[in-house]
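In what follows, a single structure is set out as structure tokens and then discussed.
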Protein chains: 2
Amino acid sequence: MGDDLNSLLDRLQGVTSREALQAEIARLRDHFEVEHLVYHSVSGAGEQYAALTYSQDWVSHYVSQGYARIDPVVRGCLRSFEPVDWRALDWTGRQVTGFLDEALDAGVGRQGLSVPIRGPGGQFALFSVSDRRQDVLWQAHMGRSQRDLLLAAHFVNQRALEIDGRTTLCARALSPREIDALTMLAVGMNRPQAAERLAISEHTLRVYIESARAKLGALNTTHAVASALSQGLLLP
Amino acid sequence: MGDDLNSLLDRLQGVTSREALQAEIARLRDHFEVEHLVYHSVSGAGEQYAALTYSQDWVSHYVSQGYARIDPVVRGCLRSFEPVDWRALDWTGRQVTGFLDEALDAGVGRQGLSVPIRGPGGQFALFSVSDRRQDVLWQAHMGRSQRDLLLAAHFVNQRALEIDGRTTLCARALSPREIDALTMLAVGMNRPQAAERLAISEHTLRVYIESARAKLGALNTTHAVASALSQGLLLP
DNA sequence: TGTCACCTCGCCATTTCTGGGGAGGTTGAA
DNA sequence: TTCAACCTCCCCAGAAATGGCGAGGTGACA
């Protein structure tokens, strides 16, 4: 391996711009001795943010085609907590085989390992390394690097979140009872059930829902629950 | 520090029962040289799973009182990607001060650091260490241990997920139109507005909402939107 | 001592959603 | 080809939520 990981992470925590992050991505690629290293965040309404070492052509093609929807790596990571080895994924299906061919043409390696990362408000990102080594070499290499990759993934995402300024500004915090009320609705209760569970009258419950909605600037109850969930005001 | 972290993590990856995980939690506590170490998985519906070193009395009191809803540590971690220092939280409020007093009486330390952990399907957990050191000592201790704590948090959650067999969530994926429909509702539209935006009749929209609700096993529209959001099926 | 946020309760009319039926066309995979 | 899943449209009646009008008590903070 190249430099010491700890010093790389220290450097990483100092970056404050996308360009600097991009440079650190390249350094991490060298450190992990892989051909490509990719950070890819899909938070927000379709907007994606990436810092990677693929060719620009492939990236714009990927985005314009909406490949995030069919990419087996993305789909696999969405349902996994652990890092995902690309060979363990399902690469069958017409769209998928077409995607795979294009990816290989674009220089993406056949071997790969992707770390799923999840942040507040439903943020989701991938941190992937990819290469063209043989199976055995790749397995051994990843076996040695897995824990380091987890840490790198964490800190890259942390910097990316900070650079993008994803500090959700919440006008006024909800009161405990307002949180209770929205929580009951979020788990499927109707108002009589929720009121009974909270041991208050249905009308009082309505007052909480209304005040929560006003604070959140929501247009209706469903909107209020969705906003509160997205902002991390309710337990998932 | 006690044993080498890597060997502790290796041990950890071999556990297959709650009891064994509990034993490893105690070992990790000794390794990190703290009074208490807590792994705590929570959901809005109220199910909780914990492996920790607090007294059994405090745990059952915490659960029976539904303290997960008011605990500032939980609420802070919900909105953060980075580990959260307990001193940076807001401990004011009537219920909160009462909770704090009871916690201190139960032997919970005044110092603490909690790592938020997020898994697929909206899973959310905390990995916390707590102690009664002085501020300066605590800060220095945590500064040295932070990266190790991140790794420990990851692997404890990984084992907990596997032991509980939560790998099979989300039976059937939502169709594109179902996602569209729920997304419109999540941003506050009512049915006529959403139907117009999607350029379909209101009746058709209802079909999507109904089928999405059936797939998600939701009891009403608000529940369906909340579930889909929590499971990361909608963009926030 | 006053203010302000919070918690609790009630009624009315109107709008909106929900549950139960239908029907038919398209598309992709086995 | 056949089948399943998807997309689109329609009606009706009862259930539920919403909007707007109230009221009073508590505790914290300045």
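A note on names: the letters A, B, ... follow the listed sequences, proteins ahead of strands, and every chain is numbered from 1.
Looking at every heavy atom in both residues, B:L78 comes nearest to A:P120 through O-CB, 3.6 Å. The minimum heavy-atom distance linking B:A186 with B:L234 is given by the pair CB-CD1, 4.4 Å. Scanning both residues, A:S211 and A:Y208, for their nearest heavy atoms gives OG-O, 3.0 Å. Between B:R191 and B:L205 the shortest heavy-atom distance is O-CD2, 3.4 Å. The minimum heavy-atom distance linking A:Y62 with A:H40 is given by the pair CE2-CE1, 3.9 Å.
Taking the six-membered ring for Trp and the full ring otherwise, A:Y67 and A:H61 have centroids separated by under 6.0 Å. Checked against the 6.0 Å centroid threshold, A:H154 and B:F81 count as a close aromatic pair.
Considering only side-chain N and O atoms, A:R191 lies under 4.0 angstrom from the phosphate OP1 or OP2 of D:dA17. Phosphate contact (OP1/OP2 of D:dC9, side-chain N/O of B:S201, threshold under 4.0 Å): present. For B:R94, no side-chain nitrogen or oxygen approaches OP1 or OP2 of C:dC7 to under 4.0 Å. Of the side-chain N and O atoms in B:T221, one or more sit less than 4.0 angstrom from OP1 or OP2 of C:dT18.
The backbone N or O of B:G109 sits less than 3.5 Å from a side-chain atom of B:S130, completing a donor-acceptor pair.
The distance from atom NE2 of A:H223 to atom P of C:dT16 is 17 Å, rounded to the nearest whole Å. Between B:L185 atom CG and D:dA17 atom C1' there is a gap of 15 Å when expressed in whole angstrom units. Protein atom CG of B:L198 is 11 Å distant from nucleotide atom P of D:dC9, rounded to whole Å. With rounding to whole Å, A:L205 atom CG is found 10 Å from D:dT18 atom P. A straight line from CG of B:L219 to P of D:dA16 spans 13 Å, rounded to a whole angstrom. Nucleotide D:dT8 holds its C1' atom 18 Å from the CD atom of B:E196, rounded to whole Å. The interatomic distance linking A:D180 (CG) with C:dC7 (P) rounds to 9 Å, in whole Å.
The base of C:dC11 lies close enough to the side chain of A:H203 for a donor and an acceptor atom to sit less than 3.5 Å apart. For A:R206 against C:dG10, a side-chain-to-base donor-acceptor contact under 3.5 Å is absent.
The only member of B:T183, B:I179, B:L216 that meets side-chain contact (heavy atoms from CB on, under 4.5 Å) when paired with B:L233 is B:L216. Of the candidates A:N190, A:T221, A:T222, A:T222 is the only one forming a side chain to side chain donor-acceptor pair (under 3.5 Å) with B:T222.
Nearest-nucleotide positions on DNA chain D place A:E210 closer to the 5' end than the other of B:G93 and A:E210. For A:E202 and B:Q95, each mapped to the nucleotide of DNA chain C holding its nearest heavy atom, the one lying further toward the 5' end belongs to B:Q95.
Remark on the helix from C:dT1-D:dA30 to C:dA30-D:dT1: inter-end axis angle 70°, axes from five-pair C1' superpositions, rounded to 10°.
Side-chain atoms of B:N190 lie closest to C:dT16 of the nucleotides D:dT18, C:dT16, D:dA16.
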Could you go over nucleotides 3-7 of chain D and give all protein N or O partners under 3.5 Å, atom names and distances?
residue : atom : partner : partner atom : Å
D:dC6   : OP1  : B:K215  : NZ           : 3.3
D:dC7   : OP1  : B:R177  : N            : 3.3
D:dC7   : OP2  : B:S175  : OG           : 2.5
D:dC7   : O3'  : B:Y208  : OH           : 3.4

